[in-house]
Number of protein chains: 2
Amino acid sequence: MVTIRDVAKASRVSTASVSIVLNNAPLARHVAAATKERILRVAKEMGYRPNVLARSLRRQNSHTLGILTFDIRDPFCTGVLEGAFEAMYAVSYLPFVADVRNERKRFEQYLEMLLERRVEGLLVIANWLFMDIDLLNDLAQNKIPTVIVGTLMPQSGVPTVITDNEAGGYAAMEHLYALGHRKIAFLRGPRMLTDAALRWRGVRAFARSRKLRLEPKLVLDLPSLPDPFSGFEAGKHLTGQLLHQNRRFTALLAYDDMTALGAIRALVQSGLSVPNDCSVVGFDDIAPAALGTPALTTVRQPLERLGSVAVDTVLKAIRAVKDKTLHGVARQPLVIVPELVVRETTGPRG
Amino acid sequence: MVTIRDVAKASRVSTASVSIVLNNAPLARHVAAATKERILRVAKEMGYRPNVLARSLRRQNSHTLGILTFDIRDPFCTGVLEGAFEAMYAVSYLPFVADVRNERKRFEQYLEMLLERRVEGLLVIANWLFMDIDLLNDLAQNKIPTVIVGTLMPQSGVPTVITDNEAGGYAAMEHLYALGHRKIAFLRGPRMLTDAALRWRGVRAFARSRKLRLEPKLVLDLPSLPDPFSGFEAGKHLTGQLLHQNRRFTALLAYDDMTALGAIRALVQSGLSVPNDCSVVGFDDIAPAALGTPALTTVRQPLERLGSVAVDTVLKAIRAVKDKTLHGVARQPLVIVPELVVRETTGPRG
DNA sequence: TTGTACGCGTTATCAG
DNA sequence: CTGATAACGCGTACAA
């Protein structure tokens with residue numbers, strides 16, 4: 001590997017000059033044009049690549065962020081990741097990504113590894129499972145700028161970027177109501193989950209505004225399970241239950257897309273048609289939502305936007321720390337408005 | 001940030017002793033137990049975290065791999081990633097992941113960034129788009145151990161890990177044939193794509209073995225488009241075309257799941273039922289395949305396995321370079337056997 | 001333009 | 001046996 005010293009020797013100047021010229025530092029103005037050119041040429045010829053490790057050591061920054069995901073296969077994660085990557089690319093930061101797989105041990109080990117690598121900031125793409133495990137402390141301990149994306153941790157104190165769940169729930173209800181649905185079944189999220197509570201609040205808010213009564217027997221709660229794809233099974237199972245009890249409903253609002261997809265499976269397997277016999281609405285707009293037939297109507301979380309806003313927030317915090325302008329990051333969660341995507345699983349009341 | 005010097009001072013020993021003890025180096029045997037304990041305790045109390053940048057600089061290794069993905073949202077990528085992460089976690093390597101988004105410029109920039117960061121090896125999760133752009137040279141240039149996953153680049157010279165496409169094609173045909181299907185439509189992959197060619201070869205091999213004639217009019221080729229999700233649209237469009245021409249077929253074998261999902265959409269929208277009127281088989285077994293209704297029958301690529309094998313291969317190559325045992329990595333592509341997953345989109349000929 | 005101390009941990013060599 | 005000293009890896013930045 002060719003070092004800056006090699007280049008210096010070959011160009012017959014000092015390493016200082018090489019560094020100055022290659023970085024186009026202010027002092028480069030005082031370097032003779034001919035010398036500059038020579039250095040540039042030699043460096044290229046020799047295929048010199050500065051060692052970022054050494055640079056980071058010296059500059060005390062790594063141009064690196066750590067991203068902790070709860071499950072890389074979850075489309076929610078990858079959506080956020082895409083946005084995060086984009087924002088990082090724009091400022092030439094590189095991400096370490098660590099897939100926690102919903103395991104506490106991994107979370108802690110990865111966190112340690114990332115800190116040892118001197119990442120400048122941390123992004124945590126979370127789901128409800130991050131709740132049980134009180135890793136929040138681990139996060140709060142380290143002074144390093146951190147942002148949580150995707151779910152609201154009660155009193156975590158960590159800056160958060162989320163979708164406006166309440167608005168989403170409201171919009172979904174509005175849509176179903178407009179189509180004439182009055183008997184609506186709900187597959188709510190796990191009870192302790194803040195997001196679930198907020199979505200439900202949006203639903204209730206809408207119902208109140210239209211004096212629509214929500215039938216308690218049509219409201220079921222998802223258990224909180226560790227596997228993200230288990231949402232599918234849960235949705236299928238709960239819907240099957242509803243069907244088994246002969247409950248009447250013409251529409252179903254699911255906690256998220258995975259749940260909705262499971263619900264559809266149960267409906268179709270019972271010989272019902274979606275949306276003719278029952279409309280279904282999801283939440284998230286993960287990739288599979290659009291790929292199934294019929295395509296899922298859902299409340300789209302602006303995943304890429306969540307990711308990029310989160311990165312911007314972390315970067316801002318990093319700068320704030322550097323400049324010691326302590327009025328760094330907003331304490332309030334950053335809330336991003338979702339968007340209803342009407343596709344094929346909803347239709348007028350049959 | 002607390003450094004090794006701080007710990008040394010606080011434990012009243014030299015930095016050397018601290019390093020030796022904390023790393024449990026061979027020399028640690030010669031350190032008095034009491035001293036050891038003191039160092040350990042002080043280090044923990046002070047929350048000392050070794051600076052991996054400095055360590056890497058000294059040891060001339062980074063314990064880091066670079067992973068280039070063509071599109072982080074593609075379920076194929078994330079499947080491979082999961083396996084890769086797992087294998088890396090086992091040896092405490094951390095991945096930089098760079099999402100190329102099928103853009104040449106990004107590929108080159110990221111590649112440069114990764115090399116500057118002294119990643120020890122490179123993993124390229126590729127799809128057909130990596131073909132057009134002759135980035136292979138860029139890869140071959142750098143001496144750094146590299147493995148390509150997921151698609152076979154003709155004469156690239158870069159070690160590759162792939163699924164046995166031919167076996168997969170064969171298995172899919174076998175399944176359809178056993179169900180009684182004889183009029184089978186094919187949505188082949190892009191013509192220049194090696195994987196597509198191999199799958200097709202598997203199909204033909206089976207047909208020959210049963211003296212089954214393949215109707216040329218039922219064989220269509222996908223265009224090669226840049227967006228991974230475009231496979232869906234292409235599948236839908238080509239199937240629509242087939243239907244429009246009133247071609248008779250009782251089963252359809254798609255290039256991959258995305259294509260298959262698109263085909264199903266077209267079939268259902270034409271009033272046909274899957275699998276009653278037409279069976280459909282995909283290839284890959286990406287997550288959405290199992291989530292749709294009906295669930296897709298498909299040839300599963302062992303994605304995690306591809307990822308972990310790829311990482312193991314890179315690590316092996318890294319070690320080979322270090323030990324200068326030049327008989328490093330196999331020149332032959334590593335081929336992993338796929339598995340037919342029978343779900344709901346295939347049934348006996350109607 | 002250059003010399004050189006510095007950032008931080010590792011390890012070979014040396015002294016007690 | 002026990003521990004310290006110092007060179008090293010590489011690029012940066014300031015004084016000269």
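Just so it is clear, the model here is predicted, and its values are computed rather than measured.
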> Judged by atom type as modelled, is there a donor-acceptor pair below 3.5 Å linking the side chain of A:Ser56 to the main-chain atoms of A:Ala54?
no
> Keeping the roles fixed (side chain from A:Ser62, backbone from A:Gln60), state whether a donor-acceptor pair exists under 3.5 Å.
no
> Walk me through whether B:Leu81 and B:Thr69 qualify under side chain to side chain contact (heavy atoms under 4.5 Å, CB included).
CA-CA 9 Å; B:Leu81 273 180; B:Thr69 63; 4.2 Å; yes
> Through what angle, rounded to 10 degrees, does the axis of the helix from C:dT1-D:dA16 to C:dG16-D:dC1 turn between its ends, using five pairs per end?
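Both end axes considered, the difference amounts to 60°.
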> Can you build the contact string for nucleotides 11-16 of chain C? Use B for base contact, S for sugar-phosphate-only contact, and - for no protein heavy atom under 4.0 Å.
B-----
> Quick one, B:Val31 with B:Val13, criterion side chain to side chain contact (heavy atoms under 4.5 Å, CB included). Give me CA distance, side-chain angles, the key distance, then yes/no.
CA-CA 11 Å; B:Val31 178; B:Val13 292; over 6 Å; no
> What range of DNA chain D does chain B touch, first nucleotide to last, counting atoms under 4.0 Å from its heavy atoms?
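It runs D:dT2 to D:dC10.
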> What's the closest nucleotide to the side chain of A:Arg118 if the choices are C:dT2, C:dG9, C:dT1?
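Looking only at heavy atoms from C-beta outward on A:Arg118, the closest nucleotide is C:dG9.
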> With the threshold set at 4.0 Å, does a side-chain nitrogen-carboxylate oxygen contact exist between A:Arg73 and B:Glu304?
yes
> Pick base, sugar-phosphate or nothing for B:Thr3, based on heavy-atom distances below 4.0 Å to the nucleic acid.
sugar-phosphate
> If you define the side chain from C-beta out and look only at heavy atoms, does anything of A:Thr313 sit under 4.5 Å from A:Leu334?
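Of all side-chain heavy-atom pairs linking A:Leu334 with A:Thr313, at least one is under 4.5 Å.
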> Is the backbone N or O of A:Ile144 less than 3.5 Å from a side-chain atom of A:Thr146, with the two atoms forming a donor-acceptor pair by type?
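A pair under 3.5 Å: yes.
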> Could you list all the salt bridge (Lys or Arg N to Asp or Glu O under 4.0 Å) pairs where at least one residue sits in residues 112-125 of chain B, not counting sequence neighbours?
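Every pair satisfying salt bridge (Lys or Arg N to Asp or Glu O under 4.0 Å) with a residue in residues 112-125 of chain B: A:Arg49-B:Glu112, B:Glu120-B:Lys322.
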> Let's go through B:Val311 and B:Leu123 carefully: what are the C-alpha distance in whole Å and the side-chain angles of both, what is the deciding distance for side chain to side chain contact (heavy atoms under 4.5 Å, CB included) to 0.1 Å, and is it a yes or a no?
CA-CA 7 Å; B:Val311 165; B:Leu123 223 76; 4.1 Å; yes
> Hey, does the side chain of B:Asp6 reach the backbone of B:Thr3 with a donor-acceptor pair shorter than 3.5 angstrom?
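Yes, because the side chain of B:Asp6 sits within donor-acceptor range (under 3.5 Å) of the backbone of B:Thr3.
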> Would you mind reading off the distance between A:Leu53 atom CG and C:dT10 atom P, rounded to a whole angstrom?
14 Å
> Could you tell me whether B:Arg106 sits above the aromatic face of A:Tyr89, with NZ or CZ closer than 6.0 angstrom to the six-membered ring centre and within 45 degrees of the axis?
yes
> Would you indicate what B:Val52 reaches in the nucleic acid, counting non-hydrogen atoms under 4.0 angstrom: base, sugar-phosphate, or nothing?
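No contact.
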> For A:Asn61 and C:dC8, what is the distance between atoms CG and P respectively, to the nearest whole Å?
13 Å
> Return the set of residues passing side-chain contact (heavy atoms from CB on, under 4.5 Å) with B:Arg59 (not counting sequence neighbours), or none when no residue passes.
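With sequence neighbours excluded, B:Arg59 shows a side-chain contact (heavy atoms from CB on, under 4.5 Å) to B:Asn23, B:Arg55, B:Asn61, given in chain and number order.
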> Residues from residues 32-42 of chain A sitting under 4.0 Å of DNA chain C, heavy atoms only?
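Residues of residues 32-42 of chain A that come under 4.0 Å of DNA chain C are, in numerical order, A:Ala32, A:Thr35.
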> Figure out the CG/P separation between A:Asn51 and C:dG7, and round it to whole Å.
18 Å
> Quick one: B:Ile4 CD1 to C:dG7 C1', roughly how many Å, whole number?
13 Å
> Any salt bridge linking A:Glu37 with A:Arg41? Criterion: basic side-chain nitrogen under 4.0 Å from a carboxylate oxygen.
no
